[in-house]
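Following: one structure in structure tokens, then a few remarks.
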Amino acid sequence: MNAEEVTDPEDDGRDLRIRLASPVMGDEEVEAVRAVLLSGQLTNGPAVVAFEAAFAERHQVGHAVALANGTVGLAAIYLALGIGPGDEVITPSFTFISTATSIRHVGGRPIFADVDATTFNLDPVDVARRLTPRTRAIVAVHYGGQPADMDDLRAVADDAGVALLEDAAQAHGATYRGRPVGGLGRAAMFSFTPTKNITTGEGAVVTTDDGDLARRVRLLRNHGQTSRYRHDHLGYNWRLSDVQAAIGRCQLDRLDGILARKEANDTTFRRLLDGIAGVSPPVRRPDRSHPFMLYSLLLDRDRDAVLQALLAEGIEARLYFPPAHRQPVFADVTTLLPVTDDLAARLVSVPFHSRITVDDMADIADALTSAVRGGDSRQGSAQGGPVALE
Ligand SMILES: *Cc1c(COP(=O)(O)O)cnc(C)c1O
């Protein structure tokens with residue numbers, strides 16, 4: 001194989017025994033794709049409509065619009081809200097890059113706010129400090145899938161008269177104070193790339209209770225077309241194909257099983273991690289569910305030696321996410337985000353896909369035990385020391 005044939009940017013050539021992601025696909029998906037292929041309607045068809053209806057029902061929200069991927073899903077929300085040049089959107093820096101780049105795609109300015117040191121979700125107090133007369137929206141990212149402090153953020157957004165949005169890319173099926181995510185703000189985006197709990201390869205859904213907003217997102221998705229070959233608005237081709245939608249419909253049926261398995265595995269994993277000095281498992285808030293799209297451990301020391309030790313044991317591990325405000329693409333943004341910077345030095349996400357075994361979890365715990373025995377802890381640093389569980 002020559003170099004050009006290596007197409008997976010995630011594959012660094014190591015022999016990894018325990019991977020971060022392991023999508024669940026079965027005969028149902030294969031049969032559903034087969035049916036679409038033989039139907040002759042590969043896009044703009046009934047599979048997309050069925051997927052959207054099932055997704056809206058599962059999340060108890062009025063409208064769901066399927067799109068090509070989450071990045072354009074966010075851009076579609078901003079455009080549908082009329083956000084553009086000169087407008088500011090407050091977002092965490094501690095997120096996947098496209099939460100912020102999608103704001104730039106529509107000409108807006110991402111304003112980075114800091115996150116809570118225990119849940120890694122937006123800190124509503126810091127968000128309030130970053131409001132200006134140009135602020136148009138606040139995008140709450142549900143980190144690892146655990147919902148952000150939506151009631152506090154809504155209070156900040158309502159006071160300022162700006163839209164509260166959800167980047168629910170990682171949060172399929174999660175609940176906050178008894179309600180599913182997806183309808184907790186003006187609009188939400190869910191992604192279906194292969195690291196998420198359910199996947200269509202590429203794909204996304206935008207949800208909203210606002211029928212007019214949903215209509216505008218649909219127009220943006222399909223060339224601004226109001227009737228055949230009549231284009232009233234500047235639109236795009238941001239459609240999801242029926243092949244992907246058919247997979248999505250099957251994946252949605254798997255969601256509750258996947259969430260239940262992860263919930264049970266969390267209990268096991270916590271027991272195995274308990275007592276490893278300087279390693280804190282994810283903090284769970286009692287009033288919301290945690291779908292564990294990520295299982296991020298907070299260390300009391302710099303992460304990199306631990307990360308290398310895990311990789312050497314064949315355990316895939318990574319920092320989710322290198323902060324956006326430290327990326328060259330945002331080199332022109334200067335801002336202070338002390339919690340984000342501290343987390344970026346101390347967090348490591350370890351494998352926790354739905355097919356992980358007790359042996360895998362025990363292997364990860366053993367590798368962590370030897371890794372932390374190796375180095376000195378960062379006692380005395382500002383955010384040093386493990387974070388207490390609640
Ligand atoms: C995956 C993800 C996205 C981007 O979704 P794509 O479908 O890959 O474009 C955006 N935000 C967050 C938080 C994500 O995890």
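Ligands are counted one by one from 1 in listed order, and the atoms in each one are counted from 1 as well.
- Less than 4.0 angstrom separates some heavy atom of Asp167 from each of these atoms of ligand 1: 10 (C), 11 (N), 12 (C), 13 (C).
- By the 4.0 Å heavy-atom criterion, His142 is excluded from the residues contacting ligand 1.
- Side-chain atoms of Glu88 and Thr132 include a donor-acceptor pair closer than 3.5 Å.
- Near Ser98, meaning under 4.0 Å from one of its heavy atoms, ligand 1 places the atoms 3 (C), 4 (C), 10 (C).
- Nearest non-hydrogen protein atom to atom 3 (C) of ligand 1 is Phe96 CD2, 3.6 Å.
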Derivation and outcome, ring pair (Phe, Tyr, Trp, His ring centres under 6.0 Å), residues Phe96 and Tyr143
CA-CA 10 Å; Phe96 182 62; Tyr143 181 92; over 10 Å; no
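- A distance below 6.0 Å separates the ring centres of Phe192 and His172.
- The atoms of ligand 1 that sit less than 4.0 Å from any heavy atom of Met189 are 10 (C).
- Neither the backbone nor the side chain of Met293 has a heavy atom within less than 4.0 Å of ligand 1.
- Atoms of ligand 1 lying under 4.0 Å from any heavy atom of Val141, numbered from 1 in the order shown and given with element: 13 (C).
- A single hydrophobic cluster is not seen to contain both Phe120 and Leu153; linkage of ILVMFWY side chains at heavy-atom distances under 4.5 Å, directly or through other members, places them apart.
- A donor and an acceptor atom, one from each side chain of Thr268 and Asn265, are nowhere located under 3.5 Å apart.
- For the residue pair His353 and Asn197, no side-chain donor N or O sits within less than 3.5 Å of a side-chain acceptor on the partner.
- For the pair Thr71 and ligand 1, the shortest N or O to N or O distance falls below 3.5 Å.
- Residue Lys196 touches ligand 1 through its side chain alone, judged by heavy-atom distances below 4.0 Å.
- If you number the atoms of ligand 1 from 1 as listed, the ones under 4.0 Å from a heavy atom of Thr99 come out as 11 (N).
- Annotation: Tyr320 is not in aromatic contact with Phe94 [ring centroid separation under 6.0 Å not met].
- For atom 8 (O) of ligand 1, the closest heavy atom belonging to the protein is Thr193 CG2, 3.3 Å.
- Aromatic ring centroids of Phe190 and His59 lie under 6.0 Å apart.
- When non-hydrogen atoms are compared, ligand 1 lies under 4.0 Å from the backbone of Asn69 as well as from its side chain.
- Every atom of ligand 1 is numbered from 1 in the order shown, and the set under 4.0 Å from a heavy atom of Thr95 is 13 (C).
- Judged purely by distance below 3.5 Å, without hydrogens or angles, the side chains of Asp242 and Thr43 never pair a donor atom with an acceptor atom.
- Taking 4.0 Å as the cut-off, Ala204 does not count as a neighbour of ligand 1 on heavy-atom distance.
- For ligand 1, the atoms sitting less than 4.0 Å from at least one non-hydrogen atom of Gly70 are 5 (O), 6 (P), 7 (O), 9 (O), numbered in the order shown with element in parentheses.
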